[in-house]
Each structure stands twice: as C-alpha cells, then as structure tokens.
There are 2 protein chains.
Amino acid sequence: MKNITQQQSRVLDCIQNHINKTGFPPTRADICNDLGFKSPNAAETHLRALEKKGYITIESGRSRGISIVHKSNQEPINHEFPVIGLVAAGSATLASENIEKKIPCAQNLFSDNFDYFLRVRGLSMIEAGIMEDDLVAIKKTQDIKNGDIVVARIDDEVTLKYFKKENSNKVVLKPANKDYSDIVVESSDADLFIEGKSVGLIREN
Amino acid sequence: MKNITQQQSRVLDCIQNHINKTGFPPTRADICNDLGFKSPNAAETHLRALEKKGYITIESGRSRGISIVHKSNQEPINHEFPVIGLVAAGSATLASENIEKKIPCAQNLFSDNFDYFLRVRGLSMIEAGIMEDDLVAIKKTQDIKNGDIVVARIDDEVTLKYFKKENSNKVVLKPANKDYSDIVVESSDADLFIEGKSVGLIREN
DNA sequence: ATAATTACTGAATAAATATACAGTATAATG
DNA sequence: CATTATACTGTATATTTATTCAGTAATTAT
C-alpha cells in the first residue's frame with residue numbers, strides 16, 4: 001500500500017471520525033469545516049489522492065459516496081480478503097488498483113486456506129455451478145491435480161478453468177460449458193502460469 | 001420500543017443493507033429503488049415514522065443523514081453460524097440435533113444479514129448454480145418477492161425453491177432443473193410455511 | 001531544470017437530494 | 001363515527017453536494 005502524506009492521513013482520519021460519530025461519511029464541505037480548509041477543492045483533491053492510493057473509494061456523483069477500503073488504524077477482526085476482478089487483462093495480481101473491496105472472514109472458512117477472492121466474469125464454468133459475479137476463493141499454489149479448478153494465466157490473459165495435464169508438455173484447460181471449447185497449451189507454445197486453484201466459493205445474492 | 005409495521009421493517013432493513021453494502025446510508029430515491037416505490041415521499045413518510053418511533057435519527061437537511069439508533073441485533077461482527085442439513089424431513093429448525101457444525105464469519109458477509117446455513121441436498125436448484133452440499137445462507141424473514149429463492153416447508157417437508165405467487169391463494173415453488181416439476185400450492189390445500197430466503201451461498205470444495 | 005505532486009483559495013455550476021404540498025385509499029383506534 | 005395512522009403517487013423546489021476550472025505556491029522527484 002502506497003504511502004500517504006500527513007495531510008492525507010488527517011483527511012482519512014476525518015472521514016473515519018465522521019462515520020463513527022454520525023454513521024455516514026462527510027461531504028467535501030464537512031471535511032473543510034473539520035480541518036479548516038476554505039475551499040471544497042482542498043478536500044476534493046485530497047480525496048482523489050486517497051482514492052488513487054487505494055485507501056478509499058468514491059462513488060461518482062453520489063453524495064457522501066466515500067467508503068474506506070483499508071482501515072489503517074486498527075487490525076481487522078479476523079482477516080480481510082481482497083476481491084479481485086477477473087476483468088483486467090494482464091493481471092490478477094494483488095496490486096491495490098485491482099482490489100474491488102475486502103471481505104472480512106476466517107481464513108479457514110473453507111477446508112483449505114486461501115489467499116484472495118476472484119470475481120467471476122462470464123459463463124465458462126456455469127456447469128460447475130460457478131455463475132457470473134460469484135466470488136471464488138483462490139489459494140496461491142502450484143500443487144495442482146487433474147480436475148482442479150485453476151486460475152490460469154496465458155499470455156497475460158487470466159481465466160478460470162478445469163485443469164488437465166495430458167502429458168509432460170500438454171495441458172488442457174477445460175471450461176464447464178458445452179458452448180465453450182477447450183484451451184490446449186503445449187509447453188513450447190505459449191507461456192502458461194497457474195496462479196492458484198479454487199478452494200471454495202461465495203455468492204452474494 | 002414501539003412496534004413497527006412490516007413495511008417500516010423493510011425500510012429499516014433496506015437502510016442497514018445499504019450501509020453494509022456501500023458504507024453509507026441510502027437516499028430517499030435509493031430506498032424507492034430498492035423497495036419499488038415510485039414516489040420519494042413514500043420513503044420520506046416511512047423514515048419519519050421510524051424516526052418518531054425511535055429506530056433512526058434523521059439529520060435535517062443533510063443528504064443521507066440517517067443513522068440507525070437501535071441496532072436490533074447487536075451485530076456480532078464475529079459470530080458462529082449453524083449449518084443445518086436439509087435432510088431431516090420435518091424440520092429445518094435450529095434444534096441442536098440438526099446442527100452439523102458451526103461456521104465463524106461476519107453476519108454481514110453477504111449484503112443482507114442472515115441467520116443460518118442450509119446444507120443443500122439434491123440437484124433441484126442446479127441451474128441456479130446451487131450444487132449438492134453447497135451451504136445456502138438463509139435469512140429468516142417473511143419479506144419474500146417473486147423470484148426469491150426460499151426455504152419452504154410443506155406438510156413437514158423442507159425444500160429450497162424459487163418462489164412465485166401467482167395470485168392471492170396460489171403459490172408455485174419452482175425448481176431450477178428442467179427434470180423436476182413445479183410444486184403448486186393452493187392456500188386451502190396444504191399448509192405452506194416460508195422459513196426464510198437465500199441471501200448468499202458458500203461452497204467448500 | 002523541469003515536470004509532477006502536494007496543498008491550498010476562490011468561484012461557478014450541474015446534478016443530487018431532502019422536503020414540502022396536494023391528492024387517494026385503506027386499516028386501525030378511540 | 002370521526003380521527004389517526006399507514007401506505008402510497010405525483011409534482012415542485014430550495015438546498016446540498018460533487019465536481020470542474022482558474023489560479024498561486026512550495027516541495028519533491030526525475
């Protein structure tokens with residue numbers, strides 16, 4: 001997580017205090033009042049900086065649409081697991097700009113420990129009961145067996161598929177949807193990297 | 001604390017859910033959107049009623065200036081939720097003999113609060129992405145809309161199905177599996193009780 | 001050195017939002 | 001039986017609020 005300046009930290013605190021006190025986030029004007037700024041743009045620019053650095057999210061156009069992503073001061077109750085979108089071509093990394101939000105839960109929620117949630121896009125695994133927008137719990141590991149559901153990266157494209165190793169230099173990534181076709185990767189061909197495997201799933205209705 | 005009506009309760013839930021989901025309270029328009037009202041005054045009058053009864057406070061003139069005074073259930077951030085098998089004919093009750101195990105997680109893991117997990121048996125909801133052995137998070141409520149996935153008890157048999165009210169005395173429980181047929185319940189017929197509805201899902205691989 | 005970041009003031013404006021007012025209708029209450 | 005509460009639609013409007021633009025100035029990175 002990127003460093004923030006002292007003033008940005010004051011603004012972040014101000015937001016948290018306002019929520020603690022009133023139950024809802026401050027407006028730009030509220031921040032100015034609390035911290036003594038005379039222009040709403042002073043608050044605005046600090047908010048944009050905090051957003052850029054991943055500390056808050058701002059819902060465009062909505063009043064008080066600020067939420068704090070990362071609670072800097074106190075330790076999370078259990079542990080907060082990041083939710084990463086499967087959208088961005090090129091990376092399912094844990095870089096802050098890819099983190100949609102965080103979910104507090106026990107690391108042993110599933111039988112196997114996990115590292116992050118992946119937000120599912122598309123219907124390629126629908127016959128495995130994995131629907132669009134589901135959150136798949138991913139464990140970062142290279143310990144993959146045939147039949148595992150894996151997060152695979154091929155040439156900077158990330159997908160969720162069944163894993164099947166046909167022989168020493170041929171891997172097949174199988175979708176669970178008869179309308180989709182297998183992805184066959186010959187070891188020479190393209191570079192395939194297995195980010196991890198699915199150990200569970202959460203669906204928010 | 002004074003009694004609130006069913007509609008007022010829905011509004012109160014809506015406020016809490018909005019805070020859980022976004023971090024800030026809803027506007028009148030947000031409430032209308034969520035609950036299907038067409039006039040902002042519908043939300044306004046409900047809010048005034050809830051304020052009068054002491055459930056919320058409204059800061060005059062401030063956008064989203066709603067705070068929930070009385071947190072009906074004191075929000076055990078970390079709580080253990082029972083897992084109940086759908087096997088036993090006759091009861092999806094919370095009686096200890098039905099509890100398979102307990103899962104520690106935040107009550108607001110899903111956008112809507114929930115009361116227990118139900119272990120799914122059979123394939124009747126497979127096209128909704130609900131597989132055998134999945135844990136469906138159930139909120140005990142009577143606030144059911146068409147299309148909700150409900151836990152229904154008919155003559156001591158408990159099932160998970162889509163809910164559809166055809167008219168005042170005909171309810172259809174629809175499976176999400178073309179090999180299964182609808183269950184039609186005429187109000188005179190059998191006694192149907194809706195235990196609650198699905199608000200989320202967990203799958204342990 | 002020169003661009004970028006930080007840290008503001010001050011003004012303007014479009015959009016979001018709370019809120020009042022005028023109705024309609026039904027159920028509950030005393 | 002009158003009154004109050006509930007449960008809305010629909011319209012209007014003043015106010016709040018987010019957000020952009022034009023500046024100034026100091027600090028920090030490249």
Side-chain angles (χ1 to χ4, degrees), chain A residues 1-15 18-19 21-68 72 96-97, chain B residues 1-15 18-19 21-69 142-145 165 168:
Chain A
M1 188 135 261
K2 280 181 184 167
N3 287 335
I4 52 174
T5 66
Q6 200 172 345
Q7 283 300 81
Q8 286 162 7
S9 167
R10 286 182 70 207
V11 173
L12 190 60
D13 279 357
C14 169
I15 297 165
H18 199 282
I19 293 171
K21 213 166 172 180
T22 66
F24 43 88
T27 63
R28 276 59 167 169
D30 289 334
I31 296 171
C32 289
N33 244 316
D34 285 4
L35 301 181
F37 304 150
K38 289 183 184 165
S39 167
N41 192 42
E44 181 70 26
T45 51
H46 281 134
L47 291 175
R48 294 296 160 192
L50 285 167
E51 189 188 33
K52 203 171 168 187
K53 292 179 178 178
Y55 285 78
I56 62 171
T57 60
I58 302 173
E59 284 196 40
S60 168
R62 318 201 67 183
S63 71
R64 302 175 191 277
I66 304 167
S67 28
I68 295 182
S72 58
S96 62
E97 60 268 29
Chain B
M1 188 135 267
K2 279 181 182 167
N3 286 336
I4 53 174
T5 66
Q6 200 173 345
Q7 282 301 83
Q8 286 162 6
S9 164
R10 287 182 68 208
V11 173
L12 191 60
D13 278 357
C14 170
I15 297 166
H18 198 282
I19 294 171
K21 215 167 171 177
T22 66
F24 44 88
T27 63
R28 277 59 166 171
D30 288 335
I31 296 171
C32 288
N33 242 317
D34 284 6
L35 301 181
F37 305 150
K38 289 182 183 163
S39 167
N41 193 43
E44 181 70 27
T45 50
H46 280 134
L47 291 175
R48 294 296 160 192
L50 285 167
E51 188 188 33
K52 203 172 168 185
K53 291 179 179 178
Y55 284 79
I56 62 171
T57 60
I58 303 172
E59 283 196 42
S60 169
R62 319 201 67 181
S63 72
R64 303 176 190 274
I66 303 168
S67 29
I68 294 181
V69 173
Q142 299 303 312
D143 174 25
I144 308 292
K145 288 182 286 292
K165 185 161 201 153
S168 58

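Naming: A, B, ... by sequence-line order, numbering from 1 per chain. No hydrogens, no waters, no symmetry mates; every other heavy atom, side chains included, goes into these values.
The side chain of B/Glu44 lies closest to C/dA18 when the candidates are C/dC8, C/dA18, D/dT19. Ranking C/dT19, C/dT9, D/dT9 by closeness to the B/Ser60 side chain, first place goes to C/dT19. Checked against D/dT19, C/dT19, D/dT9, the side chain of B/Ala42 finds its nearest nucleotide in D/dT9.
Residues A/Arg28 and A/Ile66 form a side-chain contact, since some pair of their non-hydrogen atoms from C-beta on lies under 4.5 Å apart.
Electrostatic pairing of A/Arg62 and B/Asp30 counts as a salt bridge here, judged by a charged N lying under 4.0 Å from a carboxylate O.
For the pair A/Arg28 and D/dT19, the criterion of a side-chain N or O lying under 4.0 Å from OP1 or OP2 is met. Residue B/Ser63 has no polar side-chain atom (N or O) positioned under 4.0 Å from OP1 or OP2 of C/dA16. Checking the phosphate oxygens (OP1, OP2) of D/dT17, a side-chain nitrogen or oxygen of A/Arg64 falls inside 4.0 Å.
The CD1 atom of B/Ile58 sits 16 Å away from the P atom of C/dT17 (whole-angstrom rounding). One can place CG of A/Leu47 at 11 Å from C1' of D/dT19, the figure rounded to the nearest angstrom. Nucleotide C/dT17 holds its P atom 17 Å from the CD atom of B/Glu59, rounded to whole Å.
No contact: B/Arg10 has no heavy atom under 4.0 Å from any strand.
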Please write out the pairs of protein N or O atoms and N or O atoms of nucleotides 2-6 of chain C separated by less than 3.5 Å, giving the distance to one decimal.
{"unit_1": "C/dT6", "atom_1": "OP1", "unit_2": "A/Lys53", "atom_2": "NZ", "d": "3.1"}

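With hydrogens and angles ignored, a donor-acceptor pair closer than 3.5 Å exists between the side chain of A/Asn41 and the base of C/dT9.
In this structure, the side chain of A/Thr45 engages the main chain of A/Ala42 through a donor-acceptor pair within 3.5 Å.
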### Query
Which is it for A/Glu44 and A/Phe37 under the side-chain contact (heavy atoms from CB on, under 4.5 Å) test, yes or no, and what are the steps along the way?
CA-CA 11 Å; A/Glu44 181 70 26; A/Phe37 304 150; over 6 Å; no
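Screening A/Leu12, A/Val11, A/Leu47, A/Ile15 against A/Tyr55 for a side chain to side chain contact (heavy atoms under 4.5 Å, CB included) leaves a single residue, A/Leu12.
Across every non-hydrogen atom of B/Ser39 and B/Cys32, the tightest pair is O-SG, 3.2 Å.
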